[in-house]
Amino acid sequence: MDSTDLQVLRNAVAWLDAGHRVTLVTVAETWGSAPRSPGAWALIRDDGALVGSVSGGCIEDDLVQRVRDGNLADRPVDVVTYGVTREEAARFGLPCGGTLRLVIENAPDADQMRQLLQRIGASRLTARHLDLASGRTTLADATSKDLLSWDGRQLTTIHGPPLRLLIIGAGQISGYLASMAQALDYAVTVCDPREEYRAAWQVANVPLVAEMPDDAVLALNADARTAIVALTHDPKLDDLALLEALKSPAFYVGALGSRANTLKRKQRLQEHFDLSQAELDRLHGPVGLRIGSRTPPEIAVAILAEMIAVRHGVPVQNVAHKTSEATLSAVGTSCSAA
């Protein structure tokens, strides 16, 4: 659940507790180049105040006007579709003829909204089931394999704790990576047992732990919403983290180093730690998309770009194949020297 939708949930509780009538809008289905993905939320107060987004601003004004006019209050739950025709898509600014199907809840339950907020705060992944015929909603525990589902009769959305990122090493690249990852709604933790690096750490709101990297990975209890990146460039530390990370369900595991050093690392892990080939194949190294990154902030951008691609199922080879061999060499040199 990203920070925008979490803001919607918090405002829903506050506005309902204050006695306002609110309308909760959820993207149930999209076609074409829709601005936001299924599951995105927007909340509209009875006076037209708006939090969140279901279209990146294309149709929110129309939704607000409908709420003010009372045109969405006839039933507890309704379904509205935008962009059915090319003319309507153009009118609302939907790109490339995109279409959105929205589920409108006119009276979400304040107690249940509060309960959902509490479950998320307790790091409990939660499925919210909405029956369109009755307007009844229920909450249930979910797993990392559960996804949003919509069949026209029931909408199930998945809500849970934020994405997590564990960074091994408190060096310069780590500082940029931690700051940028926070902007992308990651809960970031940095691990570095080296006192001299911990003393220089200055990124706010990022816990810094001093335990050994393998212990830090185990303590994290990684799941499918977790990324682990080793950036010390010290095999004694990075390999310990990778030993546990590659066995975990983490969706992304990366390590700093040139292509030659990455090959040596995989050989070490296989020979001395008995990792399988499938586990070794999960390692992203040299870490980050091959975009010619040279400076620490550029390398941090490349790492986050690759994490985004992997999380959304975009083959990272598509980018790498468009990059010249000269650029790949430069990236390897940069990572090796960082």
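These values consider heavy atoms only, across backbone and side chains, with no hydrogens, waters or symmetry-generated copies. Along the sequence shown, the residues carry numbers beginning at 1.
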Any chance you could lay out the side-chain contact (heavy atoms from CB on, under 4.5 Å) test for T226 and S248, step after step, and finish with the verdict? CA-CA 9 Å; T226 304; S248 77; over 6 Å; no

Positive for side chain to side chain contact (heavy atoms under 4.5 Å, CB included) with I173, one of I167, V287, L231, T295: L231

Please check if the side chain of D238 supplies one atom and the backbone of T232 the other of a donor-acceptor pair under 3.5 Å. yes

Flag yes if more than 12 heavy atoms outside Y197 fall under 6.0 Å of its OH atom; otherwise flag no. no

Under 3.5 Å, side chain of D215 to main-chain N/O of E211, donor-acceptor pair present? no

Check for a donor-acceptor pair, side chain of D17 on one end and backbone N or O of A14 on the other, with a separation under 3.5 Å. no

Smallest heavy-atom separation, L125 atom then G160 atom, equals CD1-CA, 3.7 Å

Might you point out which heavy atoms bring G169 and V190 nearest each other, and give the distance in Å? O-CG1, 3.5 Å

Check whether any side-chain N or O of T262 sits under 3.5 Å from a backbone N or O of A260 as a donor-acceptor pair, and report yes or no. no

Heavy-atom closest pair, residues L246 and L283: CD2-N, 3.8 Å

Can a side-chain donor-acceptor contact be found between H129 and T138 if the only test is distance below 3.5 angstrom? no

Relative to each other, are the rings of H159 and W41 parallel, tilted or perpendicular (30° and 60° limits)? tilted

What I'd like to find out is whether the side chain of H233 reaches to under 4.5 Å of the side chain of N261, using heavy atoms alone. yes

Do V103 and V64 share a hydrophobic cluster, counting only Ile, Leu, Val, Met, Phe, Trp and Tyr and linking them when any side-chain heavy atoms are less than 4.5 Å apart? no

Charged N to carboxylate O under 4.0 angstrom, R114 versus D109? no

Minimum-distance pair of heavy atoms, taken over all atoms of V188 and A181: CG2-CB, 3.8 Å

If you define the side chain from C-beta out and look only at heavy atoms, does anything of I44 sit under 4.5 Å from V22? no

Considering only NZ, NE, NH1 and NH2 on the basic side and carboxylate oxygens on the acidic side, decide whether D239 and R265 come within less than 4.0 Å. yes

Carboxylate-amine/guanidinium proximity below 4.0 Å for R119 and D141: yes

When T137, L132, V25 are each screened for side chain to side chain contact (heavy atoms under 4.5 Å, CB included) with E105, the one that passes is T137

Do the side chain of E306 and the main chain of G288 share a donor and acceptor less than 3.5 angstrom apart? yes

If you count every heavy atom of other residues, nucleotides or ligands that lies below 6.0 Å from Q202 atom CD, does the total exceed 12? no

Search all heavy atoms of S53 against all heavy atoms of S55 and return the closest pair with its distance. OG-N, 3.4 Å

Hey, are Q65 and D61 close enough side-chain-wise for a donor-acceptor pair under 3.5 Å? no

Thinking salt bridges, do R75 and D78 make one under a 4.0 Å N-O criterion? yes

Hydrophobic clustering (ILVMFWY, side-chain heavy atoms < 4.5 Å, transitive) - are M180 and L165 grouped together? yes

Looking only at atom types and distance, does a side-chain atom of D46 sit under 3.5 Å from a main-chain N or O of R21, one as donor and one as acceptor? yes

Just do the side chain to side chain donor-acceptor pair (under 3.5 Å) check on D281 and Q277 with the steps written out, would you? CA-CA 6 Å; D281 289 343; Q277 188 60 51; 2.9 Å; yes

Taking E279 for the side chain and S276 for the main chain, is one N or O donor matched with an acceptor at less than 3.5 Å? yes

Can you tell me if Q115 uses its side chain to pair, donor with acceptor, with the backbone of D111 under 3.5 Å? no

Are the side chain of R198 and the backbone of D192 linked by a donor-acceptor contact shorter than 3.5 Å? yes

Any chance you could lay out the side-chain contact (heavy atoms from CB on, under 4.5 Å) test for T189 and V206, step after step, and finish with the verdict? CA-CA 6 Å; T189 300; V206 174; 5.8 Å; no

Under 3.5 Å, is there a donor-acceptor pair between the side chain of T26 and the main chain of A28? no

Between R225 and D223 (salt bridge meaning N to carboxylate O under 4.0 Å), is one present in this structure? no

Common cluster, L147/F251, ILVMFWY with side-chain heavy-atom separation under 4.5 Å: no

What closest approach, in Å, do I168 and S174 show between heavy atoms, and which atom pair accounts for it? O-OG, 4.5 Å

Run L269 and K266 through side-chain contact (heavy atoms from CB on, under 4.5 Å) and show every step you take. CA-CA 5 Å; L269 292 172; K266 288 185 175 183; 5.6 Å; no

With a 4.5 Å limit on heavy-atom distance, are the side chains of D62 and Y82 in contact? yes

Counting only heavy atoms not in E196 (residues, nucleotides, ligands), do more than 12 fall under 6.0 Å from its CD? yes

If we ignore angles and hydrogens, is there a donor and acceptor under 3.5 Å between the side chains of T157 and R128? no

More than 12 heavy atoms from other groups under 6.0 Å of CZ on R194: yes

Are V8 and I120 in one and the same hydrophobic cluster, where Ile, Leu, Val, Met, Phe, Trp and Tyr link if side-chain heavy atoms are under 4.5 Å apart? yes

W201 reachable from L237 in the ILVMFWY side-chain graph, under 4.5 Å edges: no

